[in-house]
Amino acid sequence: MHADQFKERVRLVLDVDISFDGHVAKIIDNLLEDKQLQILEWIKECKVGIVRPEPCKNQRHLIAFIYKSNDNRIRGILTKEKNAYFVELFLDKHKYYDTKRKYLGL
């Protein structure tokens, strides 16, 4: 599926107009559909509480769910307001992921 379709499915799963950071479009367009569906499943698990979030030390009003692909190429962070709604999905490679993690205080 294309990045726009993926983004729409993420919004449907989370039932909120979430923003996207990093190179989500580029990452999704270069992934096989199996991997795309795996990320969508992870997002569903975050929503229902199967995946445990981590507190963001630098952004205390946020919690973050961390995604690590099996092949260690793609990293993701799904942020959520504490006791509220999902805010942003970040997907990228290690370098940008580390920068984002440090920004959030993870």
Side-chain angles (χ1 to χ4, degrees):
M1 81 183 85
H2 294 290
D4 292 335
Q5 295 167 315
F6 178 84
K7 289 178 180 181
E8 190 57 37
R9 289 189 61 183
V10 170
R11 289 183 178 113
L12 288 172
V13 167
L14 297 176
D15 197 30
V16 69
D17 189 20
I18 190 169
S19 65
F20 296 89
D21 191 11
H23 297 104
V24 173
K26 185 177 178 181
I27 295 292
I28 292 301
D29 284 340
N30 289 315
L31 285 179
L32 297 173
E33 190 164 351
D34 290 353
K35 292 286 186 183
Q36 294 172 355
L37 295 174
Q38 190 176 34
I39 293 170
L40 284 172
E41 186 60 33
W42 169 74
I43 291 168
K44 289 176 189 174
E45 291 174 356
C46 292
K47 182 179 180 181
V48 299
I50 295 172
V51 178
R52 307 282 294 166
E54 297 181 28
C56 299
K57 294 178 180 109
N58 294 344
Q59 305 289 324
R60 296 207 180 266
H61 63 287
L62 296 176
I63 57 176
F65 300 87
I66 306 297
Y67 174 79
K68 295 178 183 178
S69 66
N70 293 340
D71 57 9
N72 288 327
R73 291 184 331 145
I74 306 299
R75 298 281 195 241
I77 302 173
L78 180 61
T79 53
K80 182 180 189 248
E81 291 274 343
K82 287 183 180 175
N83 300 317
Y85 52 89
F86 288 90
V87 178
E88 178 183 77
L89 175 64
F90 172 89
L91 290 175
D92 219 318
K93 298 193 180 198
H94 286 285
K95 178 182 175 184
Y96 302 106
Y97 165 79
D98 287 339
T99 302
K100 183 73 167 184
R101 232 185 59 222
K102 288 174 186 171
Y103 169 77
L104 293 170
L106 297 170

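Sequence positions, counted from 1, serve as the residue numbers for this chain. A quick note: this is a predicted structure, and the numbers were derived from the prediction, not measured.
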Lys100/Asp92 salt bridge by N-O under 4.0 Å criterion: no
Heavy-atom neighbours of Lys7 NZ exceed 12 at 6.0 Å: yes
Within-4.5 Å side-chain heavy-atom neighbours: Ile63 and Thr79: no
Give the table of side-chain donor-acceptor pairs shorter than 3.5 Å for residues 49-62, with sequence neighbours excluded, one pair per line with atom names and distance.
unit_1	atom_1	unit_2	atom_2	d
Asn58	ND2	Lys102	O	2.9
Asn58	ND2	Tyr103	O	3.3

From CD1 (Ile39) to OH (Tyr67), nearest 0.5 Å: 4.5 Å
Smallest separation among heavy atoms of Leu91 and Gly76, with atom names: CD2-CA, 3.8 Å
With Arg11 via salt bridge (Lys or Arg N to Asp or Glu O under 4.0 Å) - residues at least two apart: Asp17
Distance in Å, Ile18 CD1 paired with Lys80 NZ, rounded so as to fall on 0.5 Å steps: 11.0 Å
Check: Leu78 and Leu14 side chains under 4.5 Å, non-hydrogen atoms: yes
Side-chain donor/acceptor of Gln36 to backbone N/O of Phe6, under 3.5 Å: no
Spatial distance of atom CD (Glu45) from atom CZ (Phe65) [nearest 0.5 Å]: 11.0 Å
Heavy-atom side-chain proximity of Phe86 to Ile43 below 4.5 angstrom: no
Side chain proximity check, Asp15 to Lys47, heavy atoms < 4.5 angstrom: yes
Side-chain heavy atoms of Lys68 within contact of Tyr97, under 4.5 Å: yes
Close side-chain approach of Arg9 to Met1, heavy-atom, < 4.5 Å: yes
Stepwise side-chain contact (heavy atoms from CB on, under 4.5 Å) test for Leu89 and Asp21: CA-CA 6 Å; Leu89 175 64; Asp21 191 11; over 6 Å; no
Spatial distance of atom CD1 (Ile74) from atom CG (Leu31) [nearest 0.5 Å]: 5.0 Å
OG1 on Thr99 to CG on Leu104, rounded to 0.5 Å: 11.0 Å
Nearest-0.5 Å distance that lies between atom CG in Leu32 and atom CD in Gln38: 11.0 Å
Side chain Asp29, main chain Ala3, donor-acceptor under 3.5 Å: yes
Whether His23 and Tyr96 hold their rings parallel, tilted or perpendicular, with breakpoints at 30° and 60°: perpendicular
